[in-house]
K.L.:
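First the structure, which I've put down as structure tokens, then a few questions once you've had a look.
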Amino acid sequence: MIDPDILRKDPDILRAALSKRGAPDITDDLIAKNQHLRSLKTQWQAAQEERGQLSKTIGAFLQAGDTASAEAAKARVALLKETLDTLKTQQDQAEEDFQNAWQAVPNIPLPEIPEGKDETDNVDQHRWGTPRPDQTPAHELIADTVHWAEYAAVSAVRMSGTRFVMLTGMLARLERALGQFMLDVHTREHGYKEVSPPYLVHAHALFGTGQLPKFEEDQFKTTTGHYLIPTAEVPLTNMVADMIISQGLPLRFTAHTPCFRSEAGSAGRDTAGLIRLHQFHKVELVSITTPEEAAEEHERMTRCAEVILERLELPYRRVLLCTGDMGFTAEKTYDLEVWMPAQQTYREISSCSRFGTFQARRMNARYRREDTGATAFVHTLNGSGLAVGRTLGALLENFFQDSYSPLPLPKVLHPYMGGITELELSPSRD
RNA sequence: GGAUGGGUGGCAGAGUGGUCGAAUGCGCCGGUCUCGAAAACCGGUAUAGCGGCAACGUUAUCGUGGGUUCAAAUCCCACCCCAUCCGCCA
């Protein structure tokens, strides 16, 4: 969430931000709710004060043995109590109203974010590699010709339902190789600390990163009340929740985890292949830094993800998301889109965002400034480096030769494949 | 799953009904001392509302919510979370 002070100091900034995002302008409503709350709070505190004073005199009267005065004061407090109860009820209601409204306010886009309605208004930053112009079979069809894949896919659906897949043999190994490769590059070359986090978290952790309460229906919840993490962003960022970091910023964390998403509302979209699943693997990057360093860290993090695509020889482009396509919690986002030859289009494979203090405020993550010694909210960032399943799909399509030739693998993966350099395709599917 | 203990300021940790926003220690900031540092000593060190240009003043906040009471960190109830032991288990 953003700083509520903005309502009193610069409501026009909020107004402009909502307008840029194409959201309804609820600024005046928020200001009214906030004023109402503060006014009630003041009244309640004044009544509290009065009661406190009276109570003290009662104690004094009783000690002095002046029972009559004590009783008189007691009667006055009894009267006050009704006022107090009413005010408290009103204040609680006002607090809830304001908080509910305030938590639903999206982050303020940075000034450089292009205004736009949807993904068609995103702005190309740069492209890398040469997209192959010929249309290949879709990656799920290529996968079918690799070792029992179809059999496995059918099994997965049978036991878990749609949007689940099972990889076997060389495909399973390739997925593992991709995850290991990404993790190794980020930990050895990019300075990220490897983390093996919990996959089940409490609600407040999801609140901290912004998935709750607004996106409850996108999450899987267990019978114990835990939530399955939709991304490692949740546990990695929450590592600094309720903390005051006194040194060592920036903190950089990476983890290779499964991610679970209910994909509510996406019925019928991307139903085939590895693009949109209830469960997928992802290597996540998270940085905790200062306001001064956040911009540079964002560029650095995005480069860390791009390096993976380049080493894997996968053509991609970087786009700057416009206000309409940017997530609720972000103030700036780059998407990396990989070339998918079967569809002859670029598809999202990584998303790298800055959040300013939006998440830090929600999870109370602070640091101590070296210059002033004061505490301030940290800035948080995260990015995918990369989505492993989608990378696997992109790799199959981009490296596909023809139905009768082995599919070569990018050189960097050879060591991770135990020296295997290509995948045998068996169109006959014995 | 069974049993017990516990959630207090940056941290540790006192505090079982009023004068407690809260002892003490540590950490941190400022100062004295010193050529400088350490030590020692002195002072400061949470968040929010309201008032004030400000210094500051004032009120509220001791896991969350409810209750008892003139008065709650302190008593009662519910919930959440944490820890330890036992059982079970990869």
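All values below come from the heavy atoms of this structure, side chains included, with hydrogens, waters and symmetry mates left out. Keep in mind it's a predicted model, so treat the numbers as computed, not measured. Protein chains get the first letters and strands the later ones, always in sequence-line order, with residue 1 at the start of each.
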K.L.:
How far does the P atom of B:A40 sit from the matching atom of B:C77, given to the nearest Å?
P.N.:
47 Å
K.L.:
Measure from CG on A:Leu87 to C1' on B:C50 and round the result to the nearest Å.
P.N.:
15 Å
K.L.:
Rounded to the Å, how far apart are A:Gln91 CD and B:A48 P?
P.N.:
16 Å
K.L.:
For A:Phe98, check ring pair (Phe, Tyr, Trp, His ring centres under 6.0 Å) against everything at least two apart and list the hits.
P.N.:
A:Trp102
K.L.:
Between atom CD in A:Gln99 and atom P in B:U64, what is the gap in whole Å?
P.N.:
15 Å
K.L.:
Rounding to the closest angstrom, what is the interatomic distance between B:G49 and B:G44 at atom P?
P.N.:
25 Å
K.L.:
Determine the interatomic distance between C1' on B:G52 and the same-named atom on B:U59; round to the nearest Å.
P.N.:
15 Å
K.L.:
Mind calculating the distance between CD1 (A:Ile244) and C1' (B:A46) to the nearest angstrom?
P.N.:
9 Å
K.L.:
Does A:Phe215 offer a backbone N or O that forms a donor-acceptor pair with the side chain of A:Gln219 under 3.5 Å?
P.N.:
yes
K.L.:
How many Å lie between CG on A:Asp5 and P on B:G49, as a whole number?
P.N.:
7 Å
K.L.:
Take atom CZ of A:Phe377 and atom P of B:G10, then tell me their distance rounded to the nearest Å.
P.N.:
12 Å
K.L.:
Applying a 3.5 Å limit to both distances, which nucleotide forms a Watson-Crick or G-U wobble pair with B:C85?
P.N.:
B:G2
K.L.:
Quick one: A:Arg366 CZ to B:A48 C1', roughly how many Å, whole number?
P.N.:
13 Å
K.L.:
Test of understanding: with ring pair (Phe, Tyr, Trp, His ring centres under 6.0 Å), list the residues that count as partners of A:Phe358, not counting sequence neighbours.
P.N.:
A:Phe328
K.L.:
Just to be sure I understand the rule, does A:Arg361 reach a base, reach only the sugar-phosphate, or reach nothing, if contact means heavy atoms closer than 4.0 Å?
P.N.:
nothing
K.L.:
Heavy atoms under 4.0 Å is the rule here; annotate nucleotides 68-73 of chain B 5' to 3' with B where the base is hit, S where only the sugar-phosphate is, and - elsewhere.
P.N.:
-BBSS-
K.L.:
Categorize A:Asn364 for me: base, sugar-phosphate, or nothing, with a 4.0 angstrom heavy-atom threshold over every strand shown.
P.N.:
nothing
K.L.:
What interatomic distance, in whole Å, is found between C1' of B:C81 and the corresponding atom of B:G65?
P.N.:
15 Å
K.L.:
Out of A:His190, A:His298, A:Glu310, which one pairs with A:Arg303 under the side-chain hydrogen bond (donor to acceptor under 3.5 Å, both in side chains) rule?
P.N.:
A:Glu310
K.L.:
Is the backbone of A:Leu381 close enough, under 3.5 Å, to the side chain of A:Ser287 for a donor and an acceptor to pair up by distance?
P.N.:
no
K.L.:
For atom C1', what is the distance between B:A83 and B:G30, given to the nearest Å?
P.N.:
39 Å
K.L.:
May I ask you to say what A:His204 touches in the nucleic acid, namely base, sugar-phosphate or nothing, with a heavy-atom cut-off under 4.0 Å?
P.N.:
nothing
K.L.:
Quick one: is B:G49 close enough that its OP1 or OP2 comes under 4.0 Å of any side-chain N or O from A:Arg8?
P.N.:
yes
K.L.:
Can you tell me the pairing partner of B:U69 across any strand shown, Watson-Crick or G-U wobble, with both distances under 3.5 angstrom?
P.N.:
none
K.L.:
Looking at residues at least two apart in the chain, or sitting in another chain, which of them share a ring pair (Phe, Tyr, Trp, His ring centres under 6.0 Å) with A:Phe207?
P.N.:
none
K.L.:
Measure the distance from CG on A:Asp85 to P on B:G67 and round it to the nearest whole Å.
P.N.:
7 Å
K.L.:
I need the single residue from A:Arg300, A:Arg311, A:Arg318 that forms a salt bridge (charged side-chain N to carboxylate O under 4.0 Å, His left out) with A:Glu306. Which is it?
P.N.:
A:Arg318
K.L.:
Using purine N1 to pyrimidine N3 plus N6-O4 or O6-N4 for Watson-Crick, or N1-O2 and O6-N3 for G-U wobble, each under 3.5 Å, what pairs with B:G7?
P.N.:
B:C80
K.L.:
Give a yes or no answer on whether the side chain of A:Asp121 reaches the backbone of A:Lys117 with a donor-acceptor pair at less than 3.5 Å.
P.N.:
yes
K.L.:
Partner lookup for B:G30, please. Criteria are Watson-Crick or G-U wobble with both distances under 3.5 angstrom; report none if nothing qualifies.
P.N.:
B:C42
K.L.:
Determine, for A:Phe377 and A:Arg366, whether the Lys NZ or Arg CZ falls below 6.0 Å from the six-membered ring centre while staying within 45 degrees of the axis.
P.N.:
no
K.L.:
Who does B:U47 pair with, Watson-Crick or G-U, both distances under 3.5 Å?
P.N.:
B:A60
K.L.:
Considering every strand shown, what is the Watson-Crick or G-U wobble mate of B:U24 when both distances are under 3.5 Å?
P.N.:
B:A12
K.L.:
Determine the Euclidean distance between corresponding P atoms of B:G5 and B:C56; express it in Å to zero decimal places.
P.N.:
46 Å
K.L.:
Under a 4.0 Å heavy-atom cut-off, which of residues 32-46 of chain A touch RNA chain B?
P.N.:
A:Arg38, A:Lys41, A:Thr42, A:Trp44, A:Gln45
K.L.:
Between B:G9 and B:U45, how far apart are the two C1' atoms, rounded to whole Å?
P.N.:
10 Å
K.L.:
Specify the residue among A:Arg368 and A:Gln48 whose closest nucleotide of RNA chain B lies further upstream toward the 5′ end.
P.N.:
A:Arg368
K.L.:
When the P atoms of B:A55 and B:G66 are considered, how many whole Å apart are they?
P.N.:
34 Å
K.L.:
Does a salt bridge link A:Arg188 with A:Glu194, judged by any charged N lying under 4.0 Å from a carboxylate O?
P.N.:
no
K.L.:
Sorted by first residue and then second, give each salt bridge (Lys or Arg N to Asp or Glu O under 4.0 Å) pair with at least one member in residues 231-254 of chain A; sequence neighbours left out.
P.N.:
A:Arg252-A:Glu297
K.L.:
Does B:A55 have a Watson-Crick or wobble mate here (both distances under 3.5 Å), and if so which one?
P.N.:
none
K.L.:
Check whether A:Glu422 reaches the backbone of A:Leu407 with its side chain - one donor and one acceptor, N or O, closer than 3.5 Å.
P.N.:
no
